[in-house]
Visitor: 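Below is a structure I'd like to ask you about.
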Amino acid sequence: MRYALVTGGSRGIGRAISLKLGEMGYHVLVNYVSNEAAALQTLSLLEAAGGSGELLRFDVGDKEAVASAISSWQQAHPDAYIEVLVNNAGIRRDNLMIWLEESEWDTVLRTNLDSFYHVTRAVLQPMVLKKYGRIVNVASLSGLKGLPGQVNYSAAKGGLIAATKALAQEVARKNITVNAVAPGFISSDMTDGLDEKALSKDIPAARFGRPEEVAAVVGFLASKEASYVTGECISINGGLYC
Ligand code: NAP
C-alpha cells in the first residue's frame, strides 16, 4: 500500500486533493483538527469511489501533537512510509495592519507556516531513506502578490513559497520533489463570505475556481510523471495574475 498525508483533508480543497490521491491509488491519511463530521464524509466519499483512507486528527500548528500523531502512525505501520505529503491546512484572519492583533498574526503564521516545518520534518526522513517522495504545499496568490488586509496571511504563504524553493534544492538528489500551488479565489468555506459576483469581475475566467481544479494540479505534482518539476510554484487562478 502507498500512503499519502493531506493536512486539512476534511473540507474544501483538501477534500478534493484527498479524493484525487485516492483515485491515484493512495491510501490517504486525512488530517483535520475539529470538524470530525466533515472528515468522516471525506472518508466515505473516498471509499465510495473505490479508494481507502483513515483519519488522523492533529493541530498542524502544535509541534507536540504533530510529532505524536505521526510517530504513533509510523509505529503502527513499521514497514510503511508516507511518500506523498500535501501541506494544505490553512486559515485566514484578515485585518488591516493598523488593527491586526498579535493573536491574528500568531495564529495565521502558526497554522499556515509553522505547520510546514512541523509536518514536513516529521515525514521527511523516511522519504530520504527510501529515496522517493512528493511534497506539495498549498500556498496562495496572496503569497505571491500580497493582498491588503492579509499582511499575516501573505507573509505566511510567501514564506511557504520560499521554503518550498529552498527545500527542493536540499532533497532533489534523493528523488524528492517539493512544489507549491498558488490558488486564486476558490469556492470553499474559506471564501464563503466573499462577494463572488463582484470579485469575479477582476478574474479573466469570470468565476471562482473549484477545489477539483486545484486537486488536478496537485495530483500531477504528486505523480511519478512530475519527476523533473521541483521548486516550482504553479498559479491556479483563472488568469488573475499578480
Ligand atoms: P477550508 O475550506 O476552510 O478548509 C480548511 C481545512 O484546513 C479544513 O480541513 C480544516 O480542518 C483544516 N485546518 C484548519 N486549521 C487546522 C489546523 N490547525 N490543523 C489541522 N487542520 C486544520 O479552506 P480551503 O479553502 O479548502 O483552503 C485550503 C488551503 O488552500 C489553505 O491553506 C488555504 O490557505 C489555501 N487557499 C485557499 C484559497 C481559497 O480561495 N479557498 C485560495 C488560496 C489558498 P477542520 O475541518 O477540522 O476545521
Side-chain angles (χ1 to χ4, degrees), residues 5-20 28-43 45 53 55-66 68-70 85-94 106-119 122 136-147 150 152-161 163-164 180-196 199-200 202-203 205 207-215 217-218 233-238 240 242:
L5 167 60
V6 181
T7 70
S10 50
R11 289 184 283 124
I13 294 171
R15 170 179 287 172
I17 293 170
S18 297
L19 296 178
K20 171 51 90 179
V28 186
L29 312 183
V30 178
N31 160 257
Y32 70 106
V33 65
S34 57
N35 195 335
E36 184 159 274
L40 284 167
Q41 205 187 341
T42 301
L43 201 55
L45 291 167
L55 302 188
L56 206 57
R57 179 180 190 162
F58 58 83
D59 175 348
V60 291
D62 180 337
K63 181 170 65 172
E64 277 85 30
V66 172
S68 144
I70 294 181
L85 165 63
V86 183
N87 285 305
N88 163 77
I91 56 163
R92 62 183 182 92
R93 297 285 181 273
D94 298 353
D106 285 344
T107 190
V108 167
L109 267 288
R110 183 174 168 274
T111 309
N112 295 283
L113 185 58
D114 294 355
S115 57
F116 160 79
Y117 171 75
H118 301 319
V119 183
V136 185
N137 299 317
V138 181
S140 170
L141 172 71
S142 188
L144 289 169
K145 181 184 185 288
L147 289 177
Q150 293 198 323
N152 50 356
Y153 186 78
S154 297
K157 295 298 193 183
L160 186 59
I161 293 166
T164 300
V181 293
F185 290 100
I186 307 297
S187 300
S188 76
D189 292 343
M190 188 177 270
T191 50
D192 217 16
L194 302 182
D195 185 342
E196 181 166 348
L199 288 164
S200 293
D202 293 329
I203 304 173
R207 63 171 177 86
F208 279 16
R210 294 185 304 275
E212 294 72 24
E213 293 175 308
V214 178
V217 180
V218 174
C233 178
I234 300 182
S235 290
I236 308 162
N237 57 22
L240 184 65
C242 300

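Any value given below was found using the heavy atoms of this structure, including those in side chains, with hydrogens, waters and symmetry copies removed. Counting convention: from 1, in listed order, for ligands and their atoms alike.
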Visitor: Decide whether the shortest distance between a heavy atom of E36 and an atom of ligand 1 is less than 4.0 Å.
Guide: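 The answer is no, since E36 has no heavy atom less than 4.0 Å from ligand 1.
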Visitor: Go through ligand 1 atom by atom and flag the ones less than 4.0 Å from a non-hydrogen atom of D59.
Guide: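 Those atoms are 17 (C), 18 (N), 19 (N).
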Visitor: Using non-hydrogen atoms of the residue, decide whether S187 is closer than 4.0 angstrom to ligand 1.
Guide: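 Judged by the 4.0 Å heavy-atom criterion, S187 does not count as contacting ligand 1.
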Visitor: Considering residues at least two apart in sequence or located in another chain, which fulfil the side chain to side chain contact (heavy atoms under 4.5 Å, CB included) criterion with D94?
Guide: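 With sequence neighbours excluded, D94 shows a side chain to side chain contact (heavy atoms under 4.5 Å, CB included) to R92, Q150, given in chain and number order.
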Visitor: Return the residue, atom name and 0.1 Å-rounded distance of the protein heavy atom closest to atom 3 (O) of ligand 1.
Guide: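 Heavy-atom neighbour on the protein nearest atom 3 (O) of ligand 1: R11 NH1, 3.6 Å.
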Visitor: Give the atom numbers and elements of ligand 1 that come within less than 4.0 Å of a heavy atom of T111.
Guide: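 Answer, ordered by atom number: 15 (N), 18 (N).
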Visitor: Given G184, S140, A182, G8, which has its nearest heavy atom closest to atom 38 (C) of ligand 1?
Guide: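 Result: the heavy atom closest to atom 38 (C) of ligand 1 is in G184.
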Visitor: What about P183: any of its N or O atoms under 3.5 Å from an N or O on ligand 1?
Guide: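 N/O-N/O distance under 3.5 Å: no.
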Visitor: Specify side chain, backbone, both or neither for K157, according to which of its non-hydrogen atoms lie closer than 4.0 Å to ligand 1.
Guide: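 Contact part for K157 vs ligand 1: side chain (C-beta onward).
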Visitor: Go through ligand 1 atom by atom and flag the ones less than 4.0 Å from a non-hydrogen atom of F185.
Guide: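 Under 4.0 Å from F185, ligand 1 has these atoms: 40 (O).
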Visitor: Under 3.5 Å between some N or O of ligand 1 and some N or O of T191?
Guide: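 N/O-N/O distance under 3.5 Å: no.
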Visitor: So, does S154 use its side chain to make a donor-acceptor pair with the main chain of L147 at under 3.5 Å?
Guide: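 Checked: pair present.
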Visitor: Quick check: do I186 and I13 have side-chain heavy atoms less than 4.5 Å from each other?
Guide: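 I186 vs I13: side chains touch.
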Visitor: Ignoring hydrogens, just give me the one of A156, S188, G12 whose non-hydrogen atom is nearest atom 24 (P) of ligand 1.
Guide: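 That would be S188.
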Visitor: Of all the non-hydrogen atoms in the protein, which one sits nearest to atom 9 (O) of ligand 1, and at what distance?
Guide: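 For atom 9 (O) of ligand 1, the nearest protein heavy atom comes out as S10 OG, 2.6 Å.
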Visitor: State whether the shortest distance between N or O atoms of V33 and N or O atoms of ligand 1 falls below 3.5 angstrom.
Guide: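 Yes, at least one N or O pair falls under 3.5 Å.
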Visitor: Decide whether R15 and T42 meet the rule of one side-chain donor and one side-chain acceptor closer than 3.5 Å.
Guide: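 Side chains of R15 and T42: pair found under 3.5 Å.
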Visitor: Taking the side chain from D62 and the backbone from E64, do they hold a donor-acceptor pair closer than 3.5 Å?
Guide: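 Pair found, side chain donor or acceptor close to backbone of E64.
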Visitor: Output yes when a side-chain donor or acceptor of S235 lies under 3.5 Å from a complementary backbone atom of N237, and no otherwise.
Guide: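 A pair under 3.5 Å: no.
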Visitor: I'd like to check which ligand 1 atoms, numbered from 1 as shown, lie under 4.0 Å from a non-hydrogen atom of F58.
Guide: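 Near F58, meaning under 4.0 Å from one of its heavy atoms, ligand 1 has 19 (N), 20 (C).
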Visitor: What atoms of ligand 1 come within less than 4.0 Å of a heavy atom belonging to G90?
Guide: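 Once the distances to G90 are compared, the set is 5 (C), 7 (O), 14 (C), 31 (C), 32 (O).
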Visitor: Sequence neighbours excluded, which residues qualify as side chain to side chain donor-acceptor pair (under 3.5 Å) partners of T111?
Guide: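 Expected list: none.
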Visitor: Do the non-hydrogen side-chain atoms of N88 and I17 ever get within less than 4.5 Å of each other?
Guide: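 Of all side-chain heavy-atom pairs linking I17 with N88, at least one is under 4.5 Å.
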Visitor: To which protein heavy atom is atom 30 (O) of ligand 1 closest, and what is the distance rounded to 0.1 Å?
Guide: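 The closest one turns out to be V138 CG1, 3.3 Å.
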Visitor: Within this structure, what is the CZ-CG distance for the pair F185 and D202, rounded to the nearest 0.5 Å?
Guide: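 With rounding to 0.5 Å, CZ (F185) is 8.5 Å from CG (D202).
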Visitor: Side chains of T7 and N31: donor-acceptor distance under 3.5 Å anywhere?
Guide: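 No, no side-chain donor-acceptor pair sits under 3.5 Å.
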Visitor: CG/L5 to CG/L85 distance, rounded to the nearest 0.5 angstrom?
Guide: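 CG of L85 is found 5.5 Å from CG of L5.
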Visitor: Say you draw a straight line from CG of L45 to CG of L40; how long is it, rounded to the nearest 0.5 Å?
Guide: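 Nearest 0.5 Å value for the CG-CG distance: 11.0 Å.
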Visitor: Can you tell me how far the CZ atom of F208 sits from the OG atom of S200, to the nearest 0.5 Å?
Guide: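 Interatomic distance, F208 CZ to S200 OG, rounded to 0.5 Å: 5.0 Å.
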Visitor: Out of curiosity, L160 CG to T164 OG1, how far, rounded to the nearest 0.5 Å?
Guide: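 Nearest 0.5 Å value for the CG-OG1 distance: 4.5 Å.
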Visitor: Among all protein heavy atoms, pick the one closest to atom 13 (N) of ligand 1 and tell me residue, atom and distance.
Guide: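 Checking every protein heavy atom, the shortest distance to atom 13 (N) of ligand 1 gives A89 CB, 3.9 Å.
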Visitor: Contact between ligand 1 and N31 is defined here as a heavy atom of the residue under 4.0 Å from a ligand atom; is it met?
Guide: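 Per 4.0 Å heavy-atom rule, N31 contacts ligand 1.
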Visitor: Short list, please: which atoms of ligand 1 are under 4.0 Å from a heavy atom of I91?
Guide: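 What qualifies from ligand 1 is 14 (C), 15 (N).
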Visitor: Answer yes or no: does an N/O atom from I13 fall short of 3.5 Å to an N/O atom of ligand 1?
Guide: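 N/O-N/O distance below 3.5 Å exists for this pair.
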Visitor: What protein heavy atom is closest to atom 34 (O) of ligand 1, reported as residue, atom name and distance in Å?
Guide: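 Of every protein heavy atom, Y153 OH, 2.5 Å lies nearest to atom 34 (O) of ligand 1.
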Visitor: Show the atoms of ligand 1 that are less than 4.0 angstrom away from any heavy atom in D189.
Guide: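 Taking each heavy atom of D189 in turn, ligand 1 has 2 (O) under 4.0 Å.
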Visitor: By number and element, which atoms of ligand 1 are closer than 4.0 Å to a non-hydrogen atom of M190?
Guide: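 Within the 4.0 Å cut-off of M190, ligand 1 contributes 2 (O), 3 (O), 23 (O), 25 (O), 33 (C), 34 (O), 37 (C).
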Visitor: Kindly indicate whether the side chain of R93, heavy atoms from C-beta on, has any atom under 4.5 Å from the side chain of T107.
Guide: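 In short, these two side chains touch, coming nearer than 4.5 Å.
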Visitor: If you have a sec, work out which protein heavy atom is nearest atom 28 (C) of ligand 1 and how many Å separate them, to one decimal?
Guide: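 Its nearest protein heavy-atom neighbour is N88 OD1, 3.2 Å.
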Visitor: Report the nearest protein non-hydrogen atom to atom 44 (C) of ligand 1: residue, atom name, distance rounded to 0.1 Å.
Guide: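 The answer is A139 O, 3.1 Å.
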Visitor: State, yes or no, whether a side-chain contact exists between E196 and S187 at a heavy-atom distance under 4.5 Å.
Guide: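 Yes - at least one pair of side-chain heavy atoms lies under 4.5 Å apart.
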Visitor: Nearest protein heavy atom to atom 40 (O) of ligand 1, by residue and atom, and its distance?
Guide: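 Here the closest protein heavy atom is I186 N, 2.8 Å.
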Visitor: Compute the minimum heavy-atom distance from S34 to ligand 1 and say whether it is under 4.0 Å.
Guide: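 Within the 4.0 Å threshold, so yes.
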